[in-house]
Student: 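Pasting a structure below so you can have a look.
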Amino acid sequence: MSSQQPEGEPSVVKPRFAFPSYLNCLLGFFAVRLVAALVTYVGDCDETFNYWEPTHYLMYGTGFQTWEYSPEFGLRSYGYLLPHVGVGMLARLFTSNKIQVWFSIRTTLALFCAACEALFVQGVRYRFRDTIAWVTYAFLMVSAGMFQASVSFLPSAFAMCCIMAGMGCWMQQGSSRVSQFWTVFAFEAAALMGWPFSGLCAVPVALNLMTGSGYRFVKTVIWGLSALAIIMVPTCLVDHFFYRRWIVPVLNIALYNVFSKSRGALKLESGIFIEVTPGIREFRRHKAQDSPHQEERFLYVVYPLFCLAGAIGLVLLVSRLCFGRPPAPRKLHPTAQAALDARAAAAAAATVASTMATDRGADTINPRRHGRVPTTEPMMTSDAEEVPAPAPSPAPARPSARRLRQQRATAKAALLTILLAAAIVSASRALALYRGYHAPLQVWAELADHVLVPFRAHLQQAAPAAAAAAATAAPEVRVCVGKEWYRFPSSFFLPSPSDRLVFVRSGFTGLLPKPFAPLPNGTWQVPTQMNEFNKMEPSRYVDESQCHFMVEQEFPGQVEPRYAQMPQWSVEASHGFLDAARTPRLLRPLWLPTVSPRANCQTGYSILRNRNAVPDALWEAAIPKTHREALRVDRDVRRCP
């Protein structure tokens with residue numbers, strides 16, 4: 001597989017620098033993913049209540065339970081949670097701050113994603129050579145979607161990482177450095193421990209590995225059974241320990257979504273397969289604002305393939321425009337051709353949104369190497385299965401050396417310009433998400449560090465009589481949420497076990513989660529007042545007079561009470577949050593430095609204090625002046641009528 005340019009064949013851009021090693025790729029990806037771990041918000045209530053909350057429960061003994069974790073249904077696996085719990089327990093050895101533990105788990109997710117991305121681009125380099133590998137590397141680095149997905153605590157994000165690792169190993173087929181067992185293992189992990197429907201991506205890969213000879217078939221079957229045992233045996237044992245019954249959550253969730261008529265369905269909407277439960281349907285109907293990425297998590301598994309398809313398409317386009325024709329295609333083994341075409345069709349049919357797949361869906365994995373060198377080597381076969389090269393065609397007239405230099409300079413400029421434009425657009429998108437939707441994470445962090453911690457310390461250190469009175473009136477500190485329940489980041493932002501999140505009534509009429517029963521039997525105890533039909537349970541709610549603090553925002557025309565305008569509530573901190581319903585639709589996706597601050601509408605995302613439960617005198621005595629000054633109220637929030 002020589003990289004020398006044949007006589008008379010124009011080349012696409014020659015990379016000036018050698019492609020980085022696996023370790024250097026990992027470090028580069030991790031630097032970007034670490035920033036994502038520190039600044040991105042939790043954009044999905046499913047991430048909070050189905051994954052962060054059970055993790056917090058296993059670590060600290062408190063947390064919210066959804067009906068999916070009821071032993072009656074068993075749709076979620078504790079085996080997926082345990083590695084995150086282990087990372088969190090390790091972080092607890094170094095810090096007692098739960099928010100720092102939360103960020104430690106996120107940083108580990110960033111490192112895992114970076115390792116899989118590095119393996120993916122090394123596989124791209126092995127099969128498509130340096131030019132396409134460099135462009136794929138750049139697209140992954142600057143992609144706003146990858147920026148968000150890389151640190152999401154979701155099975156679809158885990159499946160995305162496993163698919164990248166599996167693709168990286170698969171594309172290095174024929175290399176002595178990588179065994180194809182890891183290809184099988186990665187794809188099975190994506191489906192069995194992540195999102196089960198991501199297994200569609202593995203079907204063509206499995207066909208490619210199994211066909212060609214009986215030996216390949218037997219070897220792949222043995223690999224598959226071995227990987228299945230390695231993954232499922234410990235997972236089933238872990239789930240049996242926590243549920244006290246033998247269940248396979250990945251099978252339960254697949255059966256639930258596909259065959260259940262009354263509980264949920266797997267529907268095809270706008271060209272995307274998305275998992276829709278009754279609760280999500282009600283949640284999407286209830287929301288007053290557009291989500292910044294509705295159901296985007298189900299596209300995570302194909303984000304890396306979009307980047308690869310974009311890199312291939314870009315190099316082809318530049319080659320045709322600058323050199324007059326694309327690099328000569330190569331002849332593939334029929335098995336590899338069929339497998340790659342089938343894989344592209346499966347990915348497009350299963351997970352690619354129509355709006356994103358219009359020009360790229362068929363290029364999820366291009367069955368030809370778009371590199372600098374025309375070759376007749378098969379892409380995914382051994383040397384014994386190579387197809388003889390066709391008779392060479394007459395070589396075109398070779399351009400002059402000056403003309404060739406001009407073409408290469410033009411191609412380099414075109415590639416760099418497009419990559420720079422993509423980086424600017426992606427950075428603008430990431431900044432728009434941060435400026436528009438970061439307020440909840442900031443508000444909850446301020447509530448924990450500057451309100452709950454000093455308030456709890458004051459209650460513990462107060463005079464005996466005052467402490468007794470406080471303990472009698474309020475044995476626990478209640479933080480209330482109404483319509484903002486789905487933006488709660490997790491109980492990691494409640495410093496003490498006595499700090500409780502409670503719900504007040506809002507326009508939402510579906511089923512809210514409830515606290516787990518106490519350990520050690522809380523995981524296998526069937527919860528009461530729980531249903532799978534998303535019917536509201538009145539027992540979830542408390543009266544707002546019982547709240548000490550509240551996290552809330554106000555919208556024009558909302559049906560909920562305007563607590564910030566009531567005399568018994570005091571606004572102690574507030575940050576701007578994008579009012580998507582009143583912001584021009586064309587200005588929401590990107591952040592434009594001079595236009596967005598003047599055009600975007602905002603609301604105040606606020607910490608409210610109940611003056612009846614926490615009087616002004618108690619507030620000033622409990623919260624030191626430095627902490628009160630750290631609670632910032634944004635005065636420049638641009639509100640729209």
Side-chain angles (χ1 to χ4, degrees), residues 35-36 38-45 142-149 151-152 283-297 299 355-356 421-447 481-489 506-507 550-560 562-565 571-608 631-641:
V35 175
L38 298 177
V39 303
T40 55
Y41 57 94
V42 179
D44 197 318
C45 62
V142 304
S143 169
M146 289 295 299
F147 192 76
Q148 181 77 30
V151 294
S152 297
F283 169 61
R284 292 179 66 179
R285 183 197 64 78
H286 159 75
K287 286 196 299 182
Q289 282 197 318
D290 292 337
S291 171
H293 53 284
Q294 288 185 358
E295 307 301 346
E296 187 177 342
R297 58 195 169 110
L299 292 174
T355 56
M356 303 178 70
I424 293 174
V425 171
S426 295
S428 177
R429 173 60 177 165
L431 187 59
L433 293 176
Y434 175 82
R435 297 293 295 267
Y437 302 99
H438 185 69
L441 203 62
Q442 190 172 2
V443 163
W444 281 100
E446 290 183 0
L447 177 68
V481 289
K483 63 179 180 296
E484 292 303 305
W485 65 270
Y486 63 91
R487 291 195 176 101
F488 174 57
S506 64
M550 180 182 291
V551 175
E552 181 71 343
Q553 68 169 323
E554 294 185 359
F555 298 108
Q558 68 179 36
V559 298
E560 295 83 4
R562 297 179 178 275
Y563 297 102
Q565 300 178 13
V571 178
E572 302 300 340
S574 181
H575 297 278
F577 187 90
L578 183 69
D579 187 351
R582 290 163 181 81
T583 297
R585 183 176 296 272
L586 296 178
L587 297 178
R588 287 205 305 260
L590 303 177
W591 177 263
L592 305 178
T594 59
V595 177
S596 296
R598 296 197 302 265
N600 289 358
C601 299
Q602 292 181 310
T603 63
Y605 206 92
S606 308
I607 300 174
L608 307 180
L631 297 172
R632 184 167 56 89
V633 178
D634 288 343
R635 303 298 181 184
D636 57 349
V637 173
R638 184 179 181 274
R639 301 178 186 273
C640 299

Student: Kindly assign one of parallel, tilted or perpendicular to the pair Trp444 and Phe488, based on the angle between their ring planes and the thresholds 30° and 60°.
Tutor: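 Perpendicular, since the angle between the ring planes exceeds 60°.
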
Student: What are the two closest non-hydrogen atoms of Ala432 and Pro589, and how far apart are they?
Tutor: CB-O, 3.6 Å

Student: Backbone N or O of Val481 within a donor-acceptor pair of the Glu484 side chain at under 3.5 Å?
Tutor: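 No: the side chain of Glu484 does not pair with the backbone of Val481.
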
Student: Check the angle between the aromatic planes of Tyr41 and Tyr437 and answer parallel, tilted or perpendicular using the 30° and 60° thresholds.
Tutor: tilted

Student: So which heavy atom on Glu560 is nearest to which on Gly507, and how close?
Tutor: OE2-N, 2.8 Å

Student: What heavy-atom pair brings Leu631 and Ala573 nearest, and what distance separates the two atoms?
Tutor: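 That would be CB-CB, 4.0 Å.
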
Student: Treating Ser426 as the side-chain partner and Val142 as the backbone partner, does any N or O pair qualify as donor plus acceptor under 3.5 Å?
Tutor: yes

Student: Out of curiosity, Ile607 CD1 to Arg632 CZ, how far, rounded to the nearest 0.5 Å?
Tutor: 11.5 Å

Student: Could you give the distance from CG (Leu608) to CD (Glu552), rounded to the nearest 0.5 Å?
Tutor: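 It is 7.0 Å, given to the nearest 0.5 Å.
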
Student: For Thr603, does its backbone N or O pair with a side-chain atom of Glu554 as donor and acceptor, under 3.5 Å?
Tutor: no

Student: Compare every heavy atom of Phe577 with every heavy atom of Ala439, then report the nearest pair and how far apart it is.
Tutor: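 Heavy atoms only, the tightest pair is CB-CD1, 4.1 Å.
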
Student: Rounded to the nearest 0.5 Å, how far does OG1 of Thr583 lie from CG of Leu578?
Tutor: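 Those atoms lie 4.0 Å apart.
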
Student: How many angstroms lie between CD in Gln553 and CZ in Arg562, if you round to the nearest 0.5 Å?
Tutor: 11.5 Å

Student: Mark yes or no for whether Ser428, through its side chain, and Ile424, through its backbone, hold a donor-acceptor pair below 3.5 Å.
Tutor: no

Student: Can you see which heavy atom on Phe147 is nearest to which on Ala430, and at what distance?
Tutor: CD2-CB, 4.3 Å

Student: Search all heavy atoms of Arg588 against all heavy atoms of Ala580 and return the closest pair with its distance.
Tutor: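 Answer, listing the atom of Arg588 first, then Ala580: NH1-O, 2.7 Å.
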
Student: Taking the side chain as every heavy atom from C-beta outward, state whether Lys483 and Phe555 have any pair of such atoms under 4.5 Å apart.
Tutor: yes

Student: Quick check: do Tyr563 and Ser606 have side-chain heavy atoms less than 4.5 Å from each other?
Tutor: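 Tyr563 vs Ser606: side chains apart.
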
Student: Applying side-chain contact (heavy atoms from CB on, under 4.5 Å) between Val595 and each of Leu590, Leu587, Asn600, report the one that passes.
Tutor: Leu587

Student: Which value, rounded to the nearest 0.5 Å, describes the distance between Glu572 atom CD and Glu446 atom CD?
Tutor: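 Going from CD on Glu572 over to CD on Glu446, the span is 12.0 Å.
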
Student: Ignoring hydrogens and angles, tell me if any N or O in the side chain of His438 forms a donor-acceptor pair with the backbone of Val39 under 3.5 Å.
Tutor: yes

Student: Can you tell me how far apart OH (Tyr605) and CG (Asp634) are? Round to the nearest 0.5 Å.
Tutor: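 Atom-to-atom, Tyr605:OH and Asp634:CG are 14.5 Å apart.
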
